[in-house]
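Worksheet for the structure shown next.
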Amino acid sequence: MLSNSSGIYQERDDFILIGLTGWTGSGCSTAANILRNEKFPKIRMPDINLLDGNEKRKALIVHNYISKNWTPFFCIKVSAILTVIMLEMERDVLLNFLNGFGFENYQHLNELFHEHDAIVYSEMDVLDFYEEAARVNAKIQSAIGLDDYTVLYQCVGNLVRSGAVPFEKSDCVPIQIIPRKIVSIVECHKKLKPGKNYYVIDAIRNPFEAVYLKDRFSAFYLVGVTVDNDVRRARLFKKGMEYFDVAVMDVKEGVSLKDIDISQDEKLRISNLVKDDRDNKICLQNISACLEKCDIYLENPDDPIFSPDYDNPAELAKGLATYVSLMQRPGLITPTAIERVMQIAVTAKLNSGCLSRQVGAVVTDEDYAVLSIGWNDVAKGQVSCLLRNAQYYVRGNDPEAFSDYELRNVAFREAVKIKVDVVSANKTNGRVFSYCFKDVYNDLTKQKNQVHTRALHAEENAFLQLAKRGGAVSGGYLFTTASPCELCSKKSYQMGVRKIYYVDPYPGIATSNILESGAARPELELFKGAIGRAYHQLYHSVMPYKDEMELLLK
């Protein structure tokens with residue numbers, strides 16, 4: 001008979017795998033270093049006495065629990081895994097690859113790898129090989145400097161994922177090589193060191209790697225570390241990176257070139273530098289897509305007391321301690337009001353039939369009571385793009401799903417027919433082949449106008465649902481899974497929204513040109529908390545808390 005609840009939580013308590021993601025400079029490595037701490041007292045937490053009410057009560061519950069149950073994490077660095085892959089390469093192939101970069105600093109790499117030629121890696125176990133590669137990786141960064149190191153590993157990562165260079169003989173698709181290496185290290189470590197096994201990955205930069213790990217481990221959580229872009233870039237400048245190099249790095253990580261404030265000549269230079277990378281988007285780093293798939297979001301703002309590069313910022317440490325506690329003991333505390341509402345927005349976005357991006361939005365009053373819900377989709381009575389079959393369109397079937405323009409415009413029909421002809425029945429493998437009207441129309445007319453989207457935006461739909469019932473939002477909040485565009489920002493301003501919570505920043509000048517203007521500026525706040533699958537895993541207790549207390553009495 002159970003005398004306490006420990007056995008029920010044993011599996012959750014014994015294994016945790018956290019994958020960190022975020023733009024370079026956000027603080028993924030800082031988060032990893034916090035989790036690696038051997039003792040909880042070494043982690044600098046905020047002063048609980050500065051809090052009050054339920055916020056203070058929750059912080060005390062977390063503090064009491066994590067101080068008794070802290071377990072250090074074993075850090076798996078993706079850059080070290082890429083070094084593993086390079087060390088596995090044939091030496092002449094590797095040196096030709098490195099020389100192809102054309103940087104003088106890479107001559108140091110030739111010498112570094114030459115030092116390790118005598119090591120017989122085939123005789124090492126997976127864990128020893130990884131730890132040796134981690135030491136080589138640290139030497140590489142020291143030898144060539146942060147700028148060249150970042151460029152090198154971005155390039156190597158993209159080439160591994162695309163299969164452009166034969167880094168290893170493998171029966172898996174190239175996009176799975178990095179996550180499968182992670183799995184092999186985890187399994188080897190668990191075998192050699194039984195007991196509690198907590199792991200943190202620094203850092204995941206492709207969304208399909210995160211999907212692979214989510215499918216492989218139920219205890220995997222993708223954690224996004226976020227910070228204001230200006231703060232992030234200032235940190236990189238402080239570390240010695242030049243403005244142009246930071247811009248190149250941002251574009252390689254998925255930032256749109258049009259959203260970077262540099263001259264047209266510099267944009268052209270960057271465009272030429274990344275031109276080859278854009279050919280296989282699925283295999284590239286894409287931090288924005290990674291952040292969309294996160295289970296938990298933590299902010300890493302500059303500390304008002306310590307410098308930005310301080311290795312243990314209190315706000316980030318507090319978030320990590322809270323969610324590690326909930327991973328160990330689901331239901332230890334209840335969600336915040338902000339988490340509760342954003343979870344509704346995340347659920348709402350799944351109703352969207354948009355082919356490009358699903359977005360959900362919720363409007364609340366000042367007490368976080370829900371007033372309306374919306375998602376990006378076509379007007380009521382029309383058919384969403386996801387449900388429109390391009391083959392039916394070309395053949396003249398299902399005319400109700402298509403507009404008069406589409407049915408009557410010969411040039412448009414021919415443009416879609418070319419796409420349908422390219423995608424044979426074998427390529428679709430039973431799936432419906434759909435097309436984006438905006439993309440086809442813009443290609444046909446040589447435009448880049450966003451106004452031709454068929455769908456209303458999620459925020460528009462939420463505001464319209466509210467207006468249909470005669471409701472008002474003045475002084476309330478807007479929750480959206482992507483920060484509002486220029487048009488929705490104007491509507492938010494006009495509706496009197498006081499604060500906008502968002503998960504993923506939308507490209508453009510909506511914030512700087514619309515929201516940051518005038519006398520009644522809405523406050524824009526990056527979401528912090530758990531959503532999606534993690535919301536249920538972390539806040540749904542395995543057994544009722546009352547029953548846990550009853551077991552203690554026995």
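Excluded from the calculations below are hydrogen atoms, water molecules and symmetry mates; all remaining heavy atoms, backbone and side chain alike, are included. Predicted, not measured: the structure shown is a model, and the values here were computed from it.
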Item to check | CG-CG distance between Leu20 and Leu298, expressed to the nearest 0.5 angstrom | outcome: 8.5 Å
Item to check | Donor-acceptor pair, side chain of Asn300 and main chain of Ser26, under 3.5 angstrom | outcome: yes
Checklist entry - Of the options Val186, Ile201, Asp215, which is the one that meets Phe220 in a side-chain contact (heavy atoms from CB on, under 4.5 Å)? => result Ile201
Item to check | Exam field: side chain Thr21 to backbone Ile204, donor-acceptor pair closer than 3.5 Å | outcome: yes
Checklist entry - Hey, what's the ring geometry for Tyr393 with Phe412, parallel, tilted or perpendicular (30° and 60° as the breaks)? => result perpendicular
Next on the checklist: Check this for me: does any side-chain nitrogen of one of Arg357 and Asp504 sit under 4.0 Å from a carboxylate oxygen of the other?
Outcome noted: yes
Checklist entry - Is the Phe73 ring parallel, tilted or perpendicular to the Tyr198 ring (thresholds 30°, 60°)? => result tilted
Checklist entry - Rounded to the nearest 0.5 Å, how far does SG of Cys485 lie from CD of Glu460? => result 7.0 Å
Checklist entry - Nearest heavy-atom pair of Val223 and Cys294: which atoms, and what distance? => result C-SG, 4.0 Å
Checklist outcome for this item: Heavy atoms of Val383 and Val378 approach each other most closely as C-CG2, 3.7 Å
Next on the checklist: With a 3.5 Å distance limit and no angle check, can you tell me whether Arg533 reaches the backbone of Tyr221 through a side-chain donor-acceptor pair?
Outcome noted: no
Item to check | From CG (Asp228) to CZ (Arg233), nearest 0.5 Å | outcome: 9.5 Å
Checklist entry - Of all heavy-atom pairs between Gly224 and Leu291, which one has the smallest distance, and what is that distance? => result CA-CD2, 4.0 Å
Next on the checklist: Using the rule given for side-chain contact (heavy atoms from CB on, under 4.5 Å), can you reason through Lys491 versus Glu459, listing the C-alpha separation, both sets of side-chain angles and the distance that settles it, and then say yes or no?
Outcome noted: CA-CA 9 Å; Lys491 293 180 178 71; Glu459 301 92 330; over 6 Å; no
Next on the checklist: Taking Gly532's backbone N and O only, do any of them form a donor-acceptor pair with Gln343's side chain (distance below 3.5 Å, no angle check)?
Outcome noted: yes
Checklist entry - Between Gln358 and Leu350, is any pair of side-chain heavy atoms under 4.5 Å apart? => result yes
Checklist entry - Val324 versus Leu35: any side-chain heavy-atom pair under 4.5 Å? => result yes
Item to check | Pairing of Lys349 and Glu292 as salt bridge, 4.0 angstrom limit | outcome: no
Next on the checklist: I want to check something: taking the side chain as every heavy atom from C-beta on, are Phe437 and Cys385 in contact at a cut-off of under 4.5 Å?
Outcome noted: no
Next on the checklist: Quick check: closest heavy atoms across Gln391 and Asn389, and the distance to 0.1 Å?
Outcome noted: N-OD1, 2.9 Å
Item to check | Side-chain donor or acceptor of Asn158 paired with backbone N/O of Gln285 under 3.5 Å | outcome: yes
Next on the checklist: Please determine whether side-chain contact (heavy atoms from CB on, under 4.5 Å) holds for the pair Met327 and Ile296, giving the CA-CA distance in whole Å, both sets of side-chain angles, and the decisive distance to 0.1 Å.
Outcome noted: CA-CA 11 Å; Met327 290 170 196; Ile296 299 165; 3.7 Å; yes
Item to check | Glu406 and Arg388: CA distance, side-chain angles, deciding distance, salt bridge (Lys or Arg N to Asp or Glu O under 4.0 Å) verdict | outcome: CA-CA 12 Å; Glu406 291 167 296; Arg388 303 198 318 161; 2.7 Å; yes
Checklist entry - So, Tyr149 and Asn137: side-chain donor and acceptor under 3.5 Å apart, yes or no? => result yes
Checklist entry - Got Phe129 and Glu88 here, is their nearest side-chain heavy-atom distance under 4.5 Å? => result yes
Checklist entry - Just wondering, do Phe433 and Lys419 contact through their side chains at under 4.5 Å, heavy atoms? => result yes
Checklist entry - Where the side chain of Thr481 meets the backbone of Val346, is there a donor-acceptor pair that is under 3.5 Å apart? => result no
Checklist entry - Where does the angle between the aromatic ring planes of Tyr199 and Phe15 fall among parallel (under 30°), tilted (30 to 60°) and perpendicular (over 60°)? => result tilted
Item to check | Any donor-acceptor N/O pair, Glu339 side chain to Ala530 backbone, under 3.5 Å | outcome: yes
Checklist outcome for this item: Here the gap from Cys436 atom SG to Asp443 atom CG, rounded to the nearest 0.5 Å, amounts to 9.5 Å
Checklist entry - Would a 4.5 Å heavy-atom cut-off, applied to side chains only, mark Arg161 and Asn206 as touching? => result yes
Checklist entry - What closest approach, in Å, do Val84 and Ala133 show between heavy atoms, and which atom pair accounts for it? => result CG2-CB, 3.3 Å
Next on the checklist: Can you tell whether the side chains of Arg232 and Asp250 come within less than 4.0 Å, N to carboxylate O?
Outcome noted: yes
Checklist outcome for this item: Heavy-atom nearest pair, Gly396 first then Arg413, reads N-NH1, 4.5 Å
Item to check | Worked verdict on Ile185 versus Ile81 for side-chain contact (heavy atoms from CB on, under 4.5 Å) | outcome: CA-CA 10 Å; Ile185 293 166; Ile81 288 175; 4.0 Å; yes
Item to check | Heavy atoms of other groups near Lys214 NZ, more than 12 under 6.0 Å | outcome: yes
Next on the checklist: Would Phe479 and Tyr501 count as a ring pair (Phe, Tyr, Trp, His ring centres under 6.0 Å) here? Give the steps.
Outcome noted: CA-CA 5 Å; Phe479 288 76; Tyr501 293 95; 4.6 Å; yes
Item to check | Intermediate values then yes/no, side-chain contact (heavy atoms from CB on, under 4.5 Å), Asp377 and Asn351 | outcome: CA-CA 8 Å; Asp377 213 344; Asn351 294 291; 5.7 Å; no
Checklist entry - Are any side-chain N or O atoms of Asp295 and backbone N or O atoms of Leu222, one a donor and one an acceptor, separated by less than 3.5 Å? => result yes
Checklist entry - In Å, rounded to the nearest 0.5 Å, how long is the span from SG of Cys75 to CD1 of Ile18? => result 11.0 Å
Next on the checklist: So Phe208 and Gln176, do their side chains get closer than 4.5 Å, heavy atoms only?
Outcome noted: no
Checklist entry - Taking atom OH of Tyr392 as the centre, does the number of heavy atoms from other residues, nucleotides or ligands within less than 6.0 Å exceed 12? => result no
Next on the checklist: For Lys438, is there any backbone N or O sitting under 3.5 Å from a side-chain donor or acceptor partner on Arg454?
Outcome noted: no
Item to check | Lys196, NZ: over 12 other non-hydrogen atoms inside 6.0 angstrom | outcome: yes
Checklist entry - Under a 4.5 Å cut-off applied to non-hydrogen side-chain atoms, are Ile338 and Lys528 in contact? => result no
Next on the checklist: I'd like to know if the side chain of Asn376 reaches the main chain of Val359, judged simply by a donor and an acceptor atom lying under 3.5 Å from each other, with no hydrogens or angles considered.
Outcome noted: yes
Checklist entry - Considering the options Cys488, Ser492, Ser483, which one meets the side-chain contact (heavy atoms from CB on, under 4.5 Å) requirement together with Ile500? => result Ser492
Checklist outcome for this item: One should read off an interatomic distance between Ile16 CD1 and Gln328 CD, to the nearest 0.5 angstrom, of 5.0 Å
Item to check | From Leu444, Thr445, Val451, residue fulfilling side-chain contact (heavy atoms from CB on, under 4.5 Å) relative to Gln447 | outcome: Thr445
